[in-house]
Amino acid sequence: MTRDEECINSAGMPKWMVCMTGNRAPVLGVFAVLSILGAGIYGHGIHGPFLYDDVSCIVENTTIQSIGGALKTFGDPNALSSGGFNYFNYRPLLPVVYAFVYALFGLAPPAYHVLNIVLHIFTGLALFLLIRRVTGGGNMVAFLATVLWFIHPTHVESVESISGTDDILCGLFLISTILLVLRRRWILALIVYALALTSKELAVVGPAMVFAAVYVDRDEALPARLKAALLAAIPFGVFAAAFWIARTSVMTPRHSGSPVQGLTDVFFVAPKVFLTYLRLLLFPVDLRINYFFEIVHRIDTAFVVGWLAISAVAVAFVVALRRAQIVAFGLAWFAVTYLPVSNVLPIRALAAERFMYLPFAGLAIVAAVGIAKLERHKTRLVALSVAIVALWSALSFARVHVWNDEELFWKDIIAKEPGFAGYQMYENNLALYYLNAKRFDEALALFSKLYQQDSDNTRTAHNYAQLLLMQKQYAEAAPIYQGLIKALPNNAVVAQQYTFVMGQVTEPAAPDPGK
């Protein structure tokens with residue numbers, strides 16, 4: 001028997017009226033709370049500039065300047081950005097969404113920021129409805145889990161970064177797909193799932209999520225539950241396979257760019273990556289764009305503790321499967337959505353906060369169930385909940401402030417990633433910020449420092465040379481252009497600037513008095 005049938009039997013009305021919507025007050029209340037939290041945490045960041053991947057994905061991407069052009073990305077994924085940002089991704093729905101925003105607001109950053117915030121709020125609302133459904137109508141657990149997930153500081157990257165729309169869209173469509181499946185709206189569920197797949201490749205885990213949700217939702221003997229869950233998941237498995245075939249047919253084969261190569265790397269990297277995420281989820285401080293560590297084949301403390309933590313989660317799932325299925329559902333959700341970003345499969349980053357947008361929803365369920373055990377001690381329950389919400393909201397608010405200030409953004413990365421091999425790239429971006437802000441002295445000082453550190457870096461050298469050219473410091477620019485013309489002989493811009501600069505520093509020869 002499904003929970004739909006239970007509601008019809010117990011209440012004499014359809015499930016969508018009793019269990020899905022039930023008393024409308026909680027649903028409207030949750031929407032109001034999420035809207036207030038969204039505005040309070042993210043509202044002061046809506047005027048933040050286009051940063052990082054936003055530039056190639058939106059600002060420099062002429063594809064989004066028309067709906068027709070954006071639709072071309074379904075057959076040509078490389079059209080997503082001018083800088084080749086999409087060479088490793090197939091997310092054709094993104095440029096279509098951006099094209100609609102562009103048609104209405106052009107390149108006004110607040111419009112794109114508001115879009116992400118609104119989508120994040122609706123994703124939270126969908127998550128609340130789903131958790132309430134699988135918990136049998138428990139408003140408290142669903143509400144607490146939703147709020148914990150919604151305010152978590154690791155989500156700032158997905159929400160505040162304009163190019164993070166893919167994370168939010170994928171989450172919204174995946175959760176909505178599961179809700180529609182549980183309501184037996186199969187055709188609509190498949191349509192929404194197709195939107196999830198074209199938002200981000202992570203949606204291929206959809207069949208496993210559908211299986212877990214249907215299994216928990218049904219109250220029948222084990223064989224019947226397994227059969228129902230499997231039959232529900234099969235159509236989505238077919239959709240996922242078709243998507244991957246289509247993706248492969250239009251993508252240009254490329255090296256994955258993954259720092260993890262081979263099973264040996266996976267064996268030693270997996271526990272450290274897991275510990276990184278565990279620390280971020282429990283203690284979300286010292287947040288950053290990238291998390292790097294040296295890949296070494298050595299059994300050390302992090303290796304042992306990491307594998308113990310992974311084993312503990314696996315054991316907890318097995319135990320919960322018999323005693324607390326909602327907890328098991330939360331752990332299954334985490335495992336299914338975490339696996340693709342765990343470096344078991346080749347990805348281009350060891351760890352990133354945006355990867356936790358969906359996985360943390362599963363752990364939020366587990367955390368909410370644990371906190372709800374204090375129901376008999378309401379004072380402790382309220383105190384603990386308020387403390388966590390206040391702390392995480394404050395941390396998220398502070399993190400949004402970093403994303404809202406371009407100078408602070410680049411300085412934050414530079415301060416936290418001094419050992420990164422591409423460290424100079426971020427200092428170069430900071431120098432460019434100074435240049436665009438007409439803070440020429442600071443730009444010159446930083447470009448000079450970078451050039452002295454690595455004169456072979458043509459990107460830094462060209463930026464430095466162009467700034468010297470702007471400042472009419474031709475003598476200082478000349479030797480840099482001489483090096484550039486050798487390194488980039490076919491670059492028309494460099495050649496033109498080189499000719500001009502050399503013409504300014506070369507004095508005409510004195511006339512021969514004998515002639």
Side-chain angles (χ1 to χ4, degrees), residues 15-48 110-156 158-160 164-165 167-169 171-176 178-180 182-183 192 284 357-358 360-361 363-365 367-369 371-372 374-375 378-379 381-401 404:
K15 173 72 173 184
W16 67 270
M17 293 180 64
V18 180
C19 296
M20 184 64 73
T21 305
N23 180 355
R24 291 187 178 182
V27 179
L28 295 175
V30 169
F31 180 74
V33 169
L34 295 183
S35 298
I36 293 171
L37 288 172
I41 294 173
Y42 293 99
H44 70 111
I46 63 172
H47 295 289
Y112 299 86
H113 283 300
V114 170
L115 171 68
N116 277 11
I117 296 170
V118 171
L119 289 174
H120 187 48
I121 291 171
F122 278 100
T123 304
L125 187 61
L127 181 63
F128 169 78
L129 292 174
L130 176 60
I131 298 173
R132 189 170 72 163
R133 168 69 186 239
V134 298
T135 56
N139 284 320
M140 185 178 71
V141 170
F143 175 72
L144 185 55
T146 299
V147 170
L148 290 177
W149 171 84
F150 185 84
I151 65 173
H152 199 277
T154 58
H155 298 339
V156 171
S158 295
V159 181
E160 188 64 19
T165 309
D167 296 317
I168 311 173
L169 281 177
L172 175 60
F173 290 138
L174 262 182
I175 296 170
S176 299
I178 300 171
L179 278 169
L180 291 166
L182 297 181
R183 293 181 61 183
V192 173
Y357 190 77
L358 263 178
F360 184 56
L363 293 187
I365 296 173
V369 171
I371 294 175
L374 298 173
E375 186 174 9
K378 291 185 178 180
T379 302
L381 171 61
V382 173
L384 180 60
S385 301
V386 170
I388 295 175
V389 170
L391 176 60
W392 285 1
S393 295
L395 291 172
S396 292
F397 184 91
R399 187 61 180 163
V400 170
H401 178 64
N404 193 34

N404 side, atom CG; F397 side, atom CZ - distance, nearest 0.5 Å: 9.0 Å
Are E160 and R399 close enough that some pair of their side-chain heavy atoms sits under 4.5 Å apart? no
Taking all non-hydrogen atoms of both residues into account, name the closest pair between F122 and F31 and its distance. CZ-CE1, 3.9 Å
Compare all side-chain heavy atoms of L125 with those of V27 and state whether any distance is below 4.5 angstrom. yes
Specify the closest pair of heavy atoms between A142 and I131, including all atoms of both residues, with the distance to one decimal. CA-CG2, 3.6 Å
OG1 (T123) and OH (Y357) are apart, to the nearest 0.5 Å, by 4.0 Å
Shortest non-hydrogen contact from V400 toward I41: CG2-O, 3.6 Å
Would a 4.5 Å heavy-atom cut-off, applied to side chains only, mark I168 and L115 as touching? no
Working for side-chain contact (heavy atoms from CB on, under 4.5 Å), residues V369 and T135: CA-CA 10 Å; V369 171; T135 56; 5.8 Å; no
What is the distance from atom CZ of F128 to atom CG of L144, rounded to the nearest 0.5 Å? 11.5 Å
What's the shortest heavy-atom distance between N116 and G164, and which atoms? ND2-C, 4.3 Å
What pair of heavy atoms forms the shortest contact from P153 to L395, and how long is it? CG-CB, 3.7 Å
CG of L127 to CG of L172: how many Å apart, nearest 0.5 Å? 11.0 Å
May I ask you to decide if the ring planes of W392 and H152 are parallel, tilted or perpendicular, using 30° and 60° as cut-offs? perpendicular
Roughly how far apart are I365 CD1 and L130 CG, rounded to 0.5 Å? 7.0 Å
Rounded to the nearest 0.5 Å, what separation is found between the CG atom of L174 and the CG atom of L169? 11.0 Å
Over 60° means perpendicular and under 30° means parallel, so classify the ring planes of H120 and H155, tilted if in between. perpendicular
For the student: nearest non-hydrogen atoms of S396 and V156, plus distance: O-CG2, 3.8 Å
Is there a donor-acceptor pair closer than 3.5 Å between any side-chain N or O of W149 and the backbone N or O of L358? no
Is the NE2 atom of H47 crowded by more than 12 outside heavy atoms at less than 6.0 Å? no
Applying side chain to side chain donor-acceptor pair (under 3.5 Å), can you list everything that pairs with Y42, at least two apart in sequence or on another chain? none
